[in-house]
Amino acid sequence: MSLRFYNTLTQELEVFTPLAGNTVRMYTCGPTVYNFVHIGNFRTFTFQDILRRWLRYRGYKLDHVMNVTDVDDKIIINAAKENKSIEDYTAIYTKAFFEDAAALRLQQPEHVAPATKHIPEMVKAIEELAAKGFTYTNEGSTYYRIASFPAYGKLSHNDFSGMRSGVRVDVDEYDKADARDFVLWKAHRNNEISWDTPFGKGRPGWHIECSAMAMSYLGETLDIHAGGVDLIFPHHENEIAQSEAITGKPFARHWLHSEHLQIESQKMSKSLGNFYTLRDLLEMGYQPEAIRYLLASVPYRKKLNFTFEGLKAAAKTIERLRDFELRVSSTKLPAGRNQAVAERTAEAIRQFEAGMDDDLNTAEALAAIFEYVRAMNTTIDEGYFQEENRWDAARVLEIFDCVFDVLEATDPAKLPGVQAQPTAPAIGDAEIEAYIEERTQAKKSRSFARADEIRALLLEKGIVLEDTKEGVRWKRK
RNA sequence: GGCGCGGUAGCCAAGUGGUAAGGCAGAGGUCUGCAAAACCUUUAUUCAGCGGUUCGAAUCCGCUCCGCGCCUCCA
């Protein structure tokens, strides 16, 4: 089965292949750095990360560009409020964004493109649009004339053919010829940040940065363009209008959009008090791996209902997988390789791959992993799992983790934005081993009270003991 | 009003014509000095409701109810 994605443009599931060679040229819409980005934003960025990782698993090289919008109305307003320059203000939240992204183990795109570092590219794009007659100016601002691009609406599947200039009663309220037109370049006013250009002093409109940067890094036609569903219209529609007006060629071949996240079945909003940033959740003590798992486990085109019950369930699920990993690596096993296990391993990998290939159906892919884990636990219980089967199980976990990346625990000291927690007093391995030895002796002499006391004492320090056939196994909680 | 997405067990969720995956939670059990972990059994005769098509529908069609998103800068 080949890799397939749902394409917003065609509204169909399509087989994916890059346009040229083995490299996937991908553009994703990144953050606007006017504040800490919230957990809903990270749902989309996590989807993009899973997409990246699966493309790489499938043997493709990536050339991925993500923009950072570091000049816009909200940034200008917020920076002014804090009496900071645009640069100083956005630097804070850009840094925070990448710290958060790292905590969620999001891979860095090959190129991170801040808008303010690409003004010449935008100027060039606007000049090309002007030369081809797609623009007009009004009071120092430059606008895109939608009426000159008949295909407008093809991505969002809206029919704008009936809309004409003057239809809207309040057209005079806008300084545009048509209410649907959008601004390419905003005229300079007050003391706002601005750049000098042949078409006037000012700053870029939102949409032009993506067209200009995408094409300057990746060429005229991208393989994949991705973002949240709310960007379909108008942002991505406008990107198409700009880019295709310039090149006359399709801007992106596959448009992938992730659905929104809801909190406890409600829209996340500040007024409802259910607005969370990653740092809020970390502050509450939730593990970044659990958050990542929860965000990744619901297929990206489905609304994700974020609940704290779900977040706790995610943490338990990860623990189950980590326990399995520990069991496979630490249990004493008979020599050899059980062929049935080897075959079951291949089957699990096939199932996992089939799920991911099917438009990144992570729920189905995960089911393959859990069915495998249960089957292998049973095999171990029954004594049929052999020494060399360790590699089989490790292979499955490795494939799982190269996409989901949640098995390794994060050092709590390295969480962004979290004050140093009063953690359990540290205890060294040697001391733990000494306690375990004492407890083993206590058990031998049937001093169970002392044995339980040691277990409790270690638990307080975050050490969990498990008695197995081959002796005591311990792990840090 | 237009366009689009969705309603599957206590919660999350797969399944888009052939008789309900998986995770978490709950109950009972095996193992254990006790635990933990693991495993087993169990928890939807039923997929928002009603009607239709079909040998057969959660899956297709129609209607109704409910939730959500976009329709000028929100992932």
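Predicted model, so just to flag it, every value in this text is computed and none were measured.
- Among the atoms of the strands shown, none is found under 4.0 Å from any heavy atom of A:Leu304.
- If you check every strand for non-hydrogen atoms under 4.0 Å, A:Gln262 touches sugar and phosphate atoms only.
- When Watson-Crick and G-U wobble pairs are counted only if both distances are under 3.5 Å, B:rC68 pairs with B:rG4.
- Listed nucleotides: B:rG15, B:rA13, B:rC73. Nearest to the side chain of A:Lys186: B:rC73.
- Contact check on A:Asp323 versus A:Arg327 returns no salt bridge, with no Lys/Arg side-chain nitrogen under 4.0 Å from an Asp/Glu carboxylate oxygen.
- Judged by ring centres under 5.5 Å apart and planes tilted less than 30 degrees, A:His157 fails to stack against the six-membered base ring of B:rG4.
- Within the shown strands, nothing qualifies as a pairing partner of B:rA35 under the Watson-Crick or G-U definition with both distances less than 3.5 Å.
- A search for salt bridge (charged side-chain N to carboxylate O under 4.0 Å, His left out) contacts involving A:Asp452 returns nothing, not counting sequence neighbours.
- Considering only heavy atoms from C-beta on, A:Leu261 stays 4.5 Å or farther from A:Lys303 through its side chain.
- Cation-pi geometry between A:Arg292 and A:Phe404 is not met: the NZ or CZ atom fails to fall both under 6.0 Å from the ring centre and inside 45° of the normal.
- Nucleic acid contact for A:Glu371: sugar-phosphate only, since backbone atoms but no base atoms lie under 4.0 Å from a heavy atom of the residue.
- Counting any heavy atom pair closer than 4.0 Å across all strands shown, A:His257 reaches no nucleic acid atom.
- B:rG17 is unpaired under the criterion used here, namely a Watson-Crick or G-U wobble arrangement in which both key atom distances are under 3.5 Å.
- The partner of B:rC50, taking Watson-Crick or G-U wobble pairs whose two distances both stay under 3.5 Å, is B:rG62.
- In this structure, NZ of A:Lys302 is placed 9 Å from C1' of B:rA14, rounded to the nearest angstrom.
- Ring geometry for A:Tyr144 against A:Phe182 counts as parallel: the plane angle stays under 30°, on a 0 to 90° scale with 60° as the upper cut.
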### Message
Applying ring-ring contact (aromatic ring centres under 6.0 Å, His included) to A:Phe251 and A:Tyr27, what does each step give before you reach the verdict?
### Response
CA-CA 11 Å; A:Phe251 179 44; A:Tyr27 187 91; 7.5 Å; no
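- Scanning for salt bridge (charged side-chain N to carboxylate O under 4.0 Å, His left out) contacts around A:Asp358 gives A:Arg4, with sequence neighbours left out.
- Here the nucleotide nearest the side chain of A:Ala367, chosen from B:rC73, B:rA21, B:rA75, is B:rA21.
- At the heavy-atom level, A:Ser258 lies nowhere under 4.0 Å from the strands shown.
- Using a 4.0 Å heavy-atom distance criterion, A:Ile232 is classed as making no nucleic acid contact.
- Using a 4.0 Å heavy-atom cutoff across all strands shown, A:Asp230 reaches at least one base atom of the nucleic acid.
- A:Pro31 comes within contact range of no nucleotide atom at all, as no heavy-atom separation falls under 4.0 Å.
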### Query
What is the per-nucleotide protein-contact pattern of nucleotides 28-37 of chain B, from the 5' end, where B denotes a base atom under 4.0 Å from a protein heavy atom, S denotes such proximity for sugar-phosphate atoms only, and - denotes neither?
-----BBBBS
